[in-house]
Structure formats: C-alpha cells, structure tokens
Amino acid sequence: VLPLLNGGCGGRYAIVFQSIFIQDFLCQCIYYKRNFPLAFLTLTISILTTLTTPVVALVEQQMIDLITAGKAGEFNKSLTFASVVVVVTALAYFCNALLQKKFKVSFEENLRNDIYSGIMRQSHTRFKEKDTAELLSCVNEHASAISGNLVNPIFSLISYGIMALVDPN
C-alpha cells in the first residue's frame with residue numbers, strides 16, 4: 001500500500017515481506033482511525049450478531065426439552081419467545097451486513113483517494129512514461145483488493161474471538 005501512496009504503481013517492490021506486513025498493518029490502522037465511529041459500531045453489531053448463535057441454541061434446546069416433557073403450554077410461550085429471537089437475530093444480521101458494507105466502501109474510498117493523491121504527486125515526465133488510464137486502473141484494482149482483504153476478516157476474527165471467550169465450554 002505505501003509504495004502506492006508514495007506514487008508508485010509499477011511492480012518495483014524491493015521491500016521484504018515483514019516490512020510489507022508492518023506497513024500494511026500501519027496503513028490499515030490509519031483507515032480504521034479515520035472511520036472510527038463506523039468501525040466501532042460495525043464491530044459492536046458484529047459481536048452481538050455472533051453472540052446470538054449460543055442464544056438461539058439455548059432457546060432450541062429449551063423447546064426440545066419442553067416437547068419431550070409434554071408441556072404444551074410452556075412450549076407455546078417458548079415458541080413465541082423463539083419467534084422474537086429469530087426476528088431480532090435476522091435484524092442483527094441485516095444490520096451487520098449493511099454496516100460492514102458501508103465501512104468497506106468508506107475504507108476503500110479513503111484508500112483510493114490517498115492512492116490517487118500519490119499518483120497526482122508524480123512528476124510530469126512520469127505521466128509521459130506511463131498511461132494515465134493504466135495508473136487509474138491500478139488505483140481501482142489495488143484499493144478494491146486491499147479493502148476486501150483487510151476489512152471483512154477483522155470483524156469476523158474479533159467477533160468469534162469474543163464468542164470463544166464468552167462460551168463456557
């Protein structure tokens with residue numbers, strides 16, 4: 001990412017893997033910081049969505065226990081509660097998907113703007129050497145790839161990590 005931000009888009013990466021990893025991590029932190037409120041809200045909804053999985057499992061287990069015990073009245077109450085849980089879970093998943101997409105678009109837009117600014121700082125001779133359409137294509141490809149690879153896994157890893165901490169088993 002940083003060679004692109006400095007204006008390079010040509011495939012001359014003479015940086016060792018560890019250095020690239022550290023630079024990408026630092027660059028990613030910059031974009032999370034720029035979008036902190038949205039990132040925090042997205043992470044919170046992602047965690048809550050992940051935590052609904054054990055709740056649904058407990059409700060299902062309670063319903064099965066009531067069916068096997070032959071308690072029809074309590075089963076009907078449990079069925080109503082399960083319906084509410086399903087609706088709330090569906091809304092949480094919808095909000096989670098919507099916020100993750102909104103964050104990814106914002107992340108990609110910020111990244112694309114920074115890369116574009118780096119290209120615009122190039123010298124006039126550099127623009128004569130390389131086609132402008134090729135440079136802009138490079139901006140779009142790199143920004144899309146980077147945002148896709150950095151945004152989605154972070155929310156999933158953190159959410160499942162917290163779920164593992166909360167799960168008593």
Side-chain angles (χ1 to χ4, degrees), residues 1-57 85-167:
V1 175
L2 290 181
L4 292 174
L5 296 178
N6 293 328
C9 194
R12 295 180 293 164
Y13 297 109
I15 303 170
V16 295
F17 175 76
Q18 184 178 12
S19 178
I20 290 173
F21 178 75
I22 291 169
Q23 287 179 350
D24 283 346
F25 178 74
L26 293 175
C27 188
Q28 181 181 358
C29 289
I30 291 168
Y31 295 108
Y32 278 103
K33 186 177 177 183
R34 284 185 189 169
N35 300 304
F36 181 74
L38 183 59
F40 182 75
L41 182 63
T42 304
L43 182 61
T44 303
I45 294 292
S46 181
I47 291 169
L48 291 175
T49 301
T50 305
L51 291 177
T52 61
T53 303
V55 172
V56 169
V85 169
V86 166
V87 169
V88 169
T89 301
L91 286 173
Y93 274 100
F94 174 75
C95 290
N96 183 31
L98 188 68
L99 286 171
Q100 281 190 8
K101 183 65 173 177
K102 185 174 174 116
F103 180 76
K104 182 180 176 184
V105 166
S106 177
F107 186 96
E108 188 173 333
E109 181 182 350
N110 286 329
L111 183 62
R112 191 174 286 143
N113 288 339
D114 287 349
I115 295 172
Y116 181 75
S117 295
I119 289 175
M120 291 288 95
R121 286 191 298 265
Q122 299 269 333
S123 67
H124 186 66
T125 56
R126 175 79 169 147
F127 277 107
K128 286 183 177 180
E129 292 172 2
K130 218 167 187 152
D131 185 23
T132 307
E134 184 181 339
L135 291 173
L136 293 177
S137 174
C138 184
V139 167
N140 288 331
E141 290 173 14
H142 283 81
S144 295
I146 291 169
S147 69
N149 291 334
L150 296 180
V151 172
N152 294 339
I154 294 297
F155 294 120
S156 298
L157 288 173
I158 293 173
S159 297
Y160 287 120
I162 289 178
M163 190 173 94
L165 292 174
V166 172
D167 189 21

Donor-acceptor pair, side chain of T49 and main chain of I45, under 3.5 angstrom: yes
F94, CZ atom: more than 12 neighbouring heavy atoms under 6.0 Å: no
Donor-acceptor contact below 3.5 Å, side chain N96 vs main chain A92: no
Interatomic spacing from OG1 in T42 to NZ in K104 - rounded to 0.5 Å: 13.5 Å
Heavy-atom donor-acceptor pair, T89 side chain to V85 backbone, under 3.5 Å: yes
Approximate separation, where rounding is to 0.5 Å, of I47 CD1 and T52 OG1: 12.5 Å
Shortest non-hydrogen contact between N110 and R34, atoms and distance: CB-NH1, 3.8 Å
L41 vs F103, side chain to side chain contact (heavy atoms under 4.5 Å, CB included): CA-CA, chis, key distance, verdict: CA-CA 10 Å; L41 182 63; F103 180 76; over 6 Å; no
